[in-house]
Amino acid sequence: DGCGHTVLGPESGTLASINYPHTSPNSTVCEWEIRVKPGQRVQLKFGDFDIDDSDSCHSSYLRVHNGIGPTRTEIGKYCGFGFQMDGLITSKSNEVTVQFMSGMHTSGRGFLAVYSTTDKSDLITCLDNASHFSEPEFNKYCPAGCVIPFADISGTIPHGYRDSSSLCMAGVHAGVVSNTLGGQINVVISKGIPYYEGSLANNVTSKVGPLSTSLFTFKTSGCYGTLGMESGVIPNSQITASSILEWSDQTGQVNIWKPENARLKRVGPPWAAFINDEYQWLQIDLNKEKRITGIITTGSTLAEYYYYVSAYRILYSDDAQKWTVYREPGADKDKVFQGNTELYQEVRNNFIPPIVARFFRINPLKWHQKIAMKVELLGCQFSIGRAPKITMPPPPPQNKNDNNNDDFSDDLIYSVKTSLQTDKTTFTSETKNTTRTPSVTKDVALAAVLVLVLVMVFTTLILLLVCVWHWGNHKKKTEGTYDLPYWDRAGWWKGMKQFFPSKSTEHEETPVRYSSSEISHLRPREVPTMLQTESAEYAQPLVGGIVGTLHQRSTFKPEEGKEASYADLDPYNSPIQEVYHAYAEPLPITGPEYATPIVMDMSSHPSTALGVPPISTFKAAGNPAPPVVGTYNKLLSRTDSTSSAQALYDTPKGQPGPGAAAELVYQVPQSVAHSTGSKDE
């Protein structure tokens, strides 16, 4: 009658004296027999030791033995108040007996000890917290049974736990270790936060905690994502149930609480069973095998309907025909999960080891008023490892007097489980102990999608680089001295073809020609000077645009538009204008035609001697005119007020006078629209 908190696992466990951490009663005794796998040894570590030593360990003491039974041998006998035992007590075999004796005493908390196999060199006790370690990150081994009623934790995942929390108990709450198996934890210390939330998970209640200087979290495999109930990835057609609650309210409206309503955090009613018994179930088809690591449940979440499930078990299958009840490794009973204690709070339970299956079923065992719940599954893609499959026979009807009891009673649940197994199927220890944690493998479908995405990204980048390179080359080609707009380049080429040398048998003088390279080296203001300094036998018409060859019976056509000025001399800065043909229609042959006078500014030119005929700007009929290079967009003309009164007429070269007017063709100089002379007949 002196045994307190006790969990004896296959590789580790926890044991304490009765009434720990309070004073144990007088005259009590407890004996624990610990066995691990053959070939291994046991190590024992004390988290707290406080036994009365007033009679020198005669009536109150703790004794440790090698072996079990009559052949056991004593390792040591211990007592004392606040006794500090450095190091571990190690056995010589795989069996150990621990005996506690409590005599007459008035004080003493008793003891709390943990054990494990000797290969767990980093074993800690259930009372160790993060403040006992100075490293920012460390690995420790937590024994089984660290969910103890006299320890507490504050916080939750993923925000973290207060540094005063028990490391191993927080590990069970977080779902990284099992309370019945123990396990390795990877702890990371970081700066504390002002407020720590409380929650219920894995039968461990985390309390709200105040500000602390530091907190700790756990490194995990990362297989704790949601599997699609809340998000809708799992379609409604893949959520089914044994029965559906359908009823009419006072207004006559029909309410149907369908299975698809069982989505966590969705607004509205939950799924509810029409019949409230232990044969009801909610089934989820994941469409393919998944690795399921946990489940989150709530009640109805409707204040007017105070319904929730307080205990349930889990079944899984690959074909929805043969179902396996979830059990923890080494257990001979089905695992019963604690559900909700009210209708709003989210309660999480983790599966250690995980479940690998396609079909997942929740079988409510206890509920408040009605079976109603919302759920979400946690996990990731499937893996190779599997949990042991134990086929569960259909349970017989149960006579339950009060399903509204909210207390979580292990004895009641275990009695229900025992009654469900009517065929008395025997589960050998070999089957129970072969459960192993699945190992994660690569998901072929996910890899294929990632490869496709990478190919598309690289293809897009290559296309962008090619477009940028092409645009850069195109821009370089379009740059030049005469940057004509794209819409005028075809006409520009046609005009330039007129400047190519034409075969002519009759020319007396070589016409003035300038190459584009010579012009390109001139500054804009130097071009007019260059063109005017060179002389030619024929006067070059001062016209803009592209001027072609002068043919027979043609004359210059005056341009219309605004009057030219010296501000328009720069051909590069002038606005782009449409280019019109530089010549008018041919003159009629019926009679002679006189050219309009060319008004010239004689102030900057030397006067010629009398009797010397001026150089003609026209050529006799029958001789084709030489090609003329035009480089201006506007007519360049100047009118001097002193010479505007005198009109000068040009005479065709080689003719003494106007006697042969019928055979001559006179050119009319192209000029802006202004009146400087009159036509003489």
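As the structure is a prediction and not an experimental result, all values here were calculated from the model. Note: hydrogens, waters and symmetry copies are ignored here, and every other heavy atom, side chains too, is used.
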Taking the six-membered ring for Trp and the single ring otherwise, decide whether the centroids of [X] and [Y] are under 6.0 Å apart.
{"X": "Phe359", "Y": "Tyr316", "result": "no"}
{"X": "Tyr326", "Y": "Phe360", "result": "no"}
{"X": "Tyr306", "Y": "His368", "result": "yes"}
{"X": "Phe150", "Y": "His22", "result": "no"}

Do Arg327 and Asp334 meet the salt-bridge criterion of a basic N to acidic O distance under 4.0 Å?
-> yes
Tell me yes or no: between the side chains of [X] and [Y], is some donor less than 3.5 Å from an acceptor?
{"X": "Ser116", "Y": "Glu11", "result": "no"}
{"X": "Asp122", "Y": "Gln184", "result": "yes"}
{"X": "Thr90", "Y": "Gln43", "result": "no"}
{"X": "Asp163", "Y": "Ser214", "result": "yes"}
{"X": "Tyr196", "Y": "Ser212", "result": "yes"}
{"X": "Thr6", "Y": "Trp32", "result": "yes"}
{"X": "Lys374", "Y": "Thr297", "result": "no"}

Measure the shortest side-chain to side-chain distance between [X] and [Y] over non-hydrogen atoms and say whether it is less than 4.5 angstrom.
{"X": "Tyr20", "Y": "His5", "value": "no"}
{"X": "Phe100", "Y": "Thr28", "value": "yes"}
{"X": "Arg358", "Y": "Ser317", "value": "no"}
{"X": "Pro25", "Y": "Ile18", "value": "yes"}

Is the [atom1] atom of [X] crowded by more than 12 outside heavy atoms at less than 6.0 Å?
{"X": "Gln250", "atom1": "CD", "answer": "no"}
{"X": "Lys258", "atom1": "NZ", "answer": "no"}
{"X": "Phe274", "atom1": "CZ", "answer": "no"}

Over all heavy atoms of both residues, which pair between [X] and [Y] is shortest? Give the atoms and the distance, please.
{"X": "Lys45", "Y": "Leu123", "answer": "NZ-O, 3.1 Å"}
{"X": "Gln381", "Y": "Lys290", "answer": "OE1-CE, 3.9 Å"}
{"X": "Tyr307", "Y": "Ala372", "answer": "CB-CB, 3.6 Å"}
{"X": "Phe337", "Y": "Lys335", "answer": "CZ-CG, 3.3 Å"}
{"X": "Val254", "Y": "Ser248", "answer": "CG2-OG, 3.8 Å"}

Using the disulfide bond (SG atoms under 2.5 Å apart) rule, collect all pairs that involve residues 152-210, keeping only residues at least two apart or in two chains.
-> Cys142-Cys168
So which pairs with a foot in residues 181-225 pass disulfide bond (SG atoms under 2.5 Å apart), sequence neighbours left out?
-> Cys223-Cys380
Mind jotting down which residue pairs meet the side-chain hydrogen bond (donor to acceptor under 3.5 Å, both in side chains) criterion with at least one end in residues 346-355? Sequence neighbours excluded, please.
-> Asn202-Asn350, Tyr312-Asn349, Arg348-Asn350
Option among Ile284, Thr298, Ile296 that satisfies the side-chain contact (heavy atoms from CB on, under 4.5 Å) test with Val375 = Ile284
